[in-house]
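Each remark here refers to the structure printed beneath this line.
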Amino acid sequence: MGLWRYAARRLVQIAGLFYVILTVLFIVFRLAPGDPVERMVDPSMDPEDAEVLMAQLGLDRPVGVQYLYYLKNFVSGDMGISFHYGEPVAEIIADRLPNTVLLFTSSTILAAVVGVLLGKRASWSKGRSTDTVLTFSALATHTVFLPWLALLLIWLFAYRLGWFPITGMVSEDVWLDPGATWWTRAVDVAHHMVLPLASLFLIQFGTFLLVMRSSMLETLKEDYILTARAKGLPERVIRNHHAAPNAALPVLTTIGLSLAFSINGGAITETVFTWPGIGRELVLAVSQNDYPLAQASFLLIAAVVLLANLVVDLLYAVLDPRIRY
Amino acid sequence: MSPDGRHRSLRRRRWLERFLDGWAIYRRNPLGWIGLGLLALFALMAAASFVPPLIDPMYHPMAGVDPEITSSMGPSLRHWLGTDFMGRDIFSQLLAGARVAFLVGISAAFMSVAVGTAVGITSGYLGGLADTLLMRLADMVMVMPALLVVLILAALFGQLNIWTVVLIIALFRWPGVARVIRAQTLTLKHRPFIEAVRVAGASHRRILLRHILPNVLPLSFLYMTFRVTSAIMIEAGLAFLGFGDSTTVSWGMMLQWVWKTGHMFKAPYWLLPPGLCISLITLAFYLLGQAMEEVLDPRLRKEEGGVG
Amino acid sequence: MAAILGRVRFAWLVPMVLAVLGTAGPSSHAADLLKVGLPDEPKTLNVFRASGRWSGRVLALMYQPLLVRDPETLELIPWLAAEMPVYDPEAVTYTVRLREANWSDGSPVTAGDVAFTGRVIREFKVPKYYSKWKFVTRIDTPDDRTVVFHLSGPKAVFLSRTLATPIVPAKEWTRAVEAARKKEKPLRSLMNHRPKTLLSSGPFVLKEWRKGAYLYLVRNDRFFGRGQEIAGRTLGPHIDGILLKFFGTSDAAILALKKGTIDMFWWGIQPGYIEDLERDPNIQLYRCERSALYYMGFNLRKPPFDDVAFRRAVATLVDKQFIIRRILQGMGEEMDTVVPPGNQLWCCPDPRTYGKGLGRADRVRAAYRLLKEAGYSWDVPPVNDRGEVVKGRGIRYPDGRPMQPWTILTPPTDYDPLRAMSGTIIQGWLQDLGIPASARPMAFSALLQQVKTRRDFDAFILAYGSLSLDPDYLRSFFHSDNDKPRGWNMSGYVNPEYDRLAEAAASTIDTQERRRLVWQMQRIVAEDVPYLPLYNPTLVEAVRKGRFGGWVKTLGGIGNLWSFCELKPL
């Protein structure tokens, strides 16, 4: 079947791309002039101790050997040991990943749902003020400078109004209380998630709205819509049952393509809100020259992005009967 | 008038007509007007940024300090938007930031669009293996979160100079353009008039430069406006996180100063303007792009919505 | 927009939001729980790996050393040791009697634990501690409460540094150590060991560590100091526990403090916040001196800084008061010598100073005079014929060559905006004299590599945030032996007389005599200016009023072992 062959071909391509990314990443990190050991020493230590530390981190081996180890370890799933945590990178990532997934998927789903609904709304009032207002707010929230927006949200809702916690993911009161049920804990996490979720949502939903709107406008010009109209079906039915499902398809592609943008936003959001996720970990690791951790986090993000695009393409192929590979 | 000259003037007239037609459509778009208005405002700010240091050295955005002020002060007649923590004038910094934003945005956008157009045309026109390789490369670069990549490079290789940042942004933002231009080139390639000049014996270079390039340029120009948006955002994000060029006064850098010196929640006169400016200038370019898109071809919406 | 959102479609959101809002508002379970904000999470609680500040702070509440410093006099006093160690100059040994103390599981802290700690450090060459134990040749334990250290020679740092090493419980680590010995890379294995539980000999013991959120320590009822009087202080702890909550940024932590979510922020408050916090009736600020050194270093191996006259001219031009007033907002004090002024035991009172108290123009004149006398010339001198200060241009070396542009390397703005800004300001002052200097912020580790490993630089601005109180670093910084890659003598300062003094000071046990030598060393450094000390920032810390009382101020702030032992709920 064509679809399977297509999927297989894309997978091979993705594996190739991934290998390129893997190698480029290695080269970039080794070329960098920084020396991770120098930050860990203080004047009471002798230079020899720094050398010992260097050897301890495995940085004393020739670069070629380091590269081979890197590939070998990667294949065997061993991403090395974080310079700073002294823990296997895989464990640190496994610890942070659920937090990122939670924040990210909820905001993406929410943004997609709201974006699609509002986009539909905008498209059938095209040219009227509702449309202008919606389009404009989509654009405005999409282009707003995210860290600034996040800080304003904290200032207003967490500091001034005190509705939400300032940063973090859990409040110790709830988690230290042995009597707390899973429900109160879940609510606690949700409570902490509102603001980061809101900022991610705000920058994401505009894209969905705009894509849905224009896709809907295109679809409304299609022949089968005209046919449906000619049959005298009510506008509502035409929109919701004939146009909308087809118009929603490009939104799928948008999810894939705007992922990179959302990930940037995710890293900033996690950093500003101290949300213990992969993005924040990556920013921290990068600034502390924690090579293994930074590499692994970035690889993970790259892998997710590549695979997500594949999935989106495949879904598109499955859902849209007009596309055949 | 020689035939060639007449041909040229005809073409010029066609361009003018197309422009006027386009303008007629653009004029009907209220959002386009907002975009243009905002841009004019920012251009004015950038132009005015040369003035304050001439009035008094203390208005120099980077090096000037008010001799009488040693901490952050609210707005006054002397300092319209107040001063930062060491007595530098925020308004002059804001003006200088406009200049930097235009500089960064337009040069990065220009570079990425130039690369993207070149790759797109080559890929579309040549086809075959070159096409496959270039497009796979584009796929890879396209999905990478540019901000994180620049962040990694900035952290590893030391504080990047503003031009290096511009270059890196450009290198990561060309694929979207390349894809669209390639598609356009593919359709153009099989149009009768191209076939005709090919049969007439025109060289590949001539076909590419004289016949295909002029037809994809409006599209490239459109994408430039989107690229400006993304370049400004990335630069500002980088500066905000502390990895920008600290010898340049950009809006992101101003926000970083507010944040790092602990004035975030007590100096709204300092916190609000740079963030508002970043958001508005990106919005302005975006609106411009949207409105132009409608002018050029509403069916061309293939661009990813992101500015990352 | 609001009208659209308000449609029925979103009605289901309302109860959810309400439920979420309903849980808002702090509700404390343990009233006597001290909540402390930390800017960042400790990376590890493995004492042999811990190099970060936060790990050190947490571990210091659990693993105790033999000696500590009195918070007021800064003198060393016995802690896990029962009394000050007895020195035998003949045999070069120190004999230490241990106090009666227990680990948090009830087992006694023995001489065996002390010997174990020292032996592990020596055997595995644990980088953080090895240099402090290198010269300990043998450790004897005649009985459970007595330890005898044999030294290769008299060492001034034995008491202040070696005995400040936290003592590790042998029984908790024996297995990990034995397992590590069998590995190909024993040290790596030891440093990557993750202790499951942590026995404590200190006032607190680890209860829970929720990664990314908080670290919860409870009172150790078996703490040896409980109810005892040490250094004239009756120790607790009187609080039930400490909750260390991690904030990514200072802003968030300070807001949390203002809201009362935390009782203290264990980190210096930036100048920008101070005014605001001072006005807050719920917040109390403490100002402490730090044992820090912010300085400008020069590369003495090449021009222009191979000339002492030029270094002195630069020292004259740099207005430390301006930097403190403008950039630090007054939160700091000028440093004339490399030893911080707060370290009253060792700070030299009379080093040579340059241009102290002079205004901008006078500094230019003084520097101009210094350089002119040394034979420098200008295309346009910075002081004209009428003695007025003008903008100088084109400075030339005494042999007539024009000075090539050079750079001042500073950390990047994300790491320390103040140092980056100091660099920019100093660059301006130098340029006024026609000196082609420019400041260049650089990624921190790249900067260290450039300065320390490659030694390819002209000048830099760096800092030590918490220098040890023992002045042995004077030897590290300027002894010619350390002028090698990764060595601490980054300036490349070579002075045989200084080397001799430094070696003598390192093996002088008598405090008075050592102080004389250390002062002399500081005078030489101030004379030759391989480093130009700039400032020592004041540490401002903030706590909530009305929750806990009894903070102990000392060099390095109120967040210290003494405070946590003495704090009482109000």
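Residue numbering restarts at 1 for every chain, and letters A, B, ... go by the order of the sequence lines.
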Side chain from CB out, backbone as N, CA, C, O: work out which of these in [X] comes under 4.5 Å of a heavy atom of chain B, or both, or neither.
{"X": "Val20(A)", "result": "side chain"}
{"X": "Ile203(A)", "result": "neither"}
{"X": "Leu17(A)", "result": "both"}
{"X": "Ile14(A)", "result": "neither"}
{"X": "Phe208(A)", "result": "neither"}
{"X": "Ile268(A)", "result": "side chain"}
{"X": "Ala294(A)", "result": "neither"}

Report the C-alpha distance between Leu151(B) and Leu282(A) in whole Å, list the side-chain angles of each, state the deciding distance to 0.1 Å, and finish with yes or no for side-chain contact (heavy atoms from CB on, under 4.5 Å). CA-CA 10 Å; Leu151(B) 189 81; Leu282(A) 174 64; 5.8 Å; no

Nearest-0.5 Å distance that lies between atom CH2 in Trp148(A) and atom CD1 in Ile278(B): 9.0 Å

About how many Å separate CE of Met233(B) and NE2 of His142(A), when rounded to the nearest 0.5 Å? 6.5 Å

Looking at Leu276(B), Leu137(B), Leu287(B), which has the largest count of heavy-atom pairs under 4.5 Å with chain A? Leu276(B)

Chain B shares the most heavy-atom pairs under 4.5 Å, among Ile21(A), Ile263(A), Leu139(A), with Leu139(A)

Are any side-chain N or O atoms of Thr282(B) and backbone N or O atoms of Thr143(A), one a donor and one an acceptor, separated by less than 3.5 Å? yes

